[in-house]
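Presented below is the structure to which this report refers.
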Amino acid sequence: MLSREKILKYLQQLGEALEIKGLSGEIILAGGASMCLVHSARDSTKDIDALYEPKDVINRIADKIAEQEDLPAGWLNDSVKSFIEPNASIEEFIAVKGLRIQTVSAEYLLAMKLMAARYGEKDHDDICFLFDKLGINEVDQALGIIETYFTKDRILPKTGYIIEEIIAERKKQNNLPENKKTPIRAKS
């Protein structure tokens, strides 16, 4: 598992290696790395999901870091690329020697988590954290955030059910009245 400290250490190593090559890079963090490093929502993540450039050079450097630090292959990966749309909301995070580090916004991160429609413990906790951070208390608020970035035809029915379940669970935990169920919007 990668702690906040380890993520920073490896990103600094990555930036230093780029600088030695006379290059600079950019990385956009998403997923668990953003939850851990940017939002301090959890202590660790299994990998760093990100978009980055120069991709081939960074992949080679990441492989060397994996060997040196005994990290699993894919500790840095771009598997999140299918969820980062051109209209993604990106925010500056920090710059280290040789590397500009950005992150998707909390709203975009929530939209990505909900679009992935996974319901494991980490995703559930991440969604609850982001609901709190963004003040999400109703199904339509969550759907509105998703629809800001993704077209309705890409939203799976499962996403709506996850939203409904988490909202109902949170209202019950906080002794808030449950509204009538908001019908899940059908694909257009």
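All residue numbers in this chain count up from 1 along the given sequence.
- Taken from CG in Leu110 to CD1 in Ile163, the straight-line distance is 7.5 Å, to the nearest 0.5 Å.
- For the pair Val104 and Val80, the minimum side-chain heavy-atom distance is 4.5 Å or more.
- Atom CG of residue Leu109 and atom CD1 of residue Ile84 lie 9.5 Å apart, to the nearest 0.5 angstrom.
- Leu51 CG to Asn77 CG: the interatomic distance, rounded to the nearest 0.5 Å, is 10.0 Å.
- Side-chain contact check for Leu134 versus Glu107: some heavy-atom pair is nearer than 4.5 Å.
- Linking ILVMFWY residues whenever their side-chain heavy atoms come closer than 4.5 Å, directly or via other members, places Phe129 and Ile166 in the same cluster.
- If you take SG on Cys36 and NZ on Lys122, they are separated by 9.0 Å, rounding to the nearest 0.5 Å.
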Inset, instruction - Could you go through the salt bridge (Lys or Arg N to Asp or Glu O under 4.0 Å) check for Asp125 and Arg42 one step at a time? - result: CA-CA 9 Å; Asp125 292 348; Arg42 54 165 122 145; over 6 Å; no

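- Gly74 approaches Asp47 most closely through the heavy-atom pair O-CB, 3.8 Å.
- Of all heavy-atom pairs between Tyr108 and Glu85, the closest is OH-N, 2.7 Å.
- Contact record, Ala111 with Phe150: CB-CE1, 3.8 Å, taken as the closest heavy-atom pair.
- Here the side chains of Asp123 and Asp126 are in contact, with some heavy-atom distance below 4.5 Å.
- Note that the CD atom of Gln141 and the CG atom of Leu143 stand 10.5 Å from one another [nearest 0.5 Å].
- No side-chain heavy atom of Glu91 sits under 4.5 Å from any side-chain heavy atom of Gln102.
- For the residue pair Leu76 and Ala62, the shortest heavy atom distance occurs at CD2-CB, 4.0 Å.
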Inset, instruction - Start with the C-alpha gap between Glu138 and Lys171, add the side-chain angles, then the distance that decides, and say whether salt bridge (Lys or Arg N to Asp or Glu O under 4.0 Å) holds. - result: CA-CA 10 Å; Glu138 300 297 333; Lys171 286 185 176 189; 2.9 Å; yes

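- Tyr52 and Phe93 fall within the same hydrophobic cluster, where Ile, Leu, Val, Met, Phe, Trp and Tyr residues are linked whenever their side-chain heavy atoms come under 4.5 Å apart, directly or through other members.
- Atom CG of Asp43 has 12 or fewer heavy atoms from other residues, nucleotides or ligands within 6.0 Å.
- Nearest heavy atom pair, residue Ile145 against residue Tyr149, reads O-CD1, 3.3 Å.
- Hydrophobic cluster membership differs between Met35 and Leu37, with clusters built from Ile, Leu, Val, Met, Phe, Trp and Tyr side chains linked at under 4.5 angstrom.
- Contact record, Arg154 with Ser82: NH2-O, 3.5 Å, taken as the closest heavy-atom pair.
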List the atom pairs, with distances to 0.1 Å, where a side-chain N or O of residues 8-31 and a protein N or O form a donor-acceptor pair under 3.5 Å, not counting sequence neighbours.
{"residue": "Lys9", "atom": "NZ", "partner": "Glu69", "partner atom": "OE1", "Å": "3.3"}
{"residue": "Gln13", "atom": "NE2", "partner": "Glu69", "partner atom": "OE2", "Å": "3.0"}
{"residue": "Glu26", "atom": "OE2", "partner": "Arg100", "partner atom": "NH1", "Å": "3.3"}

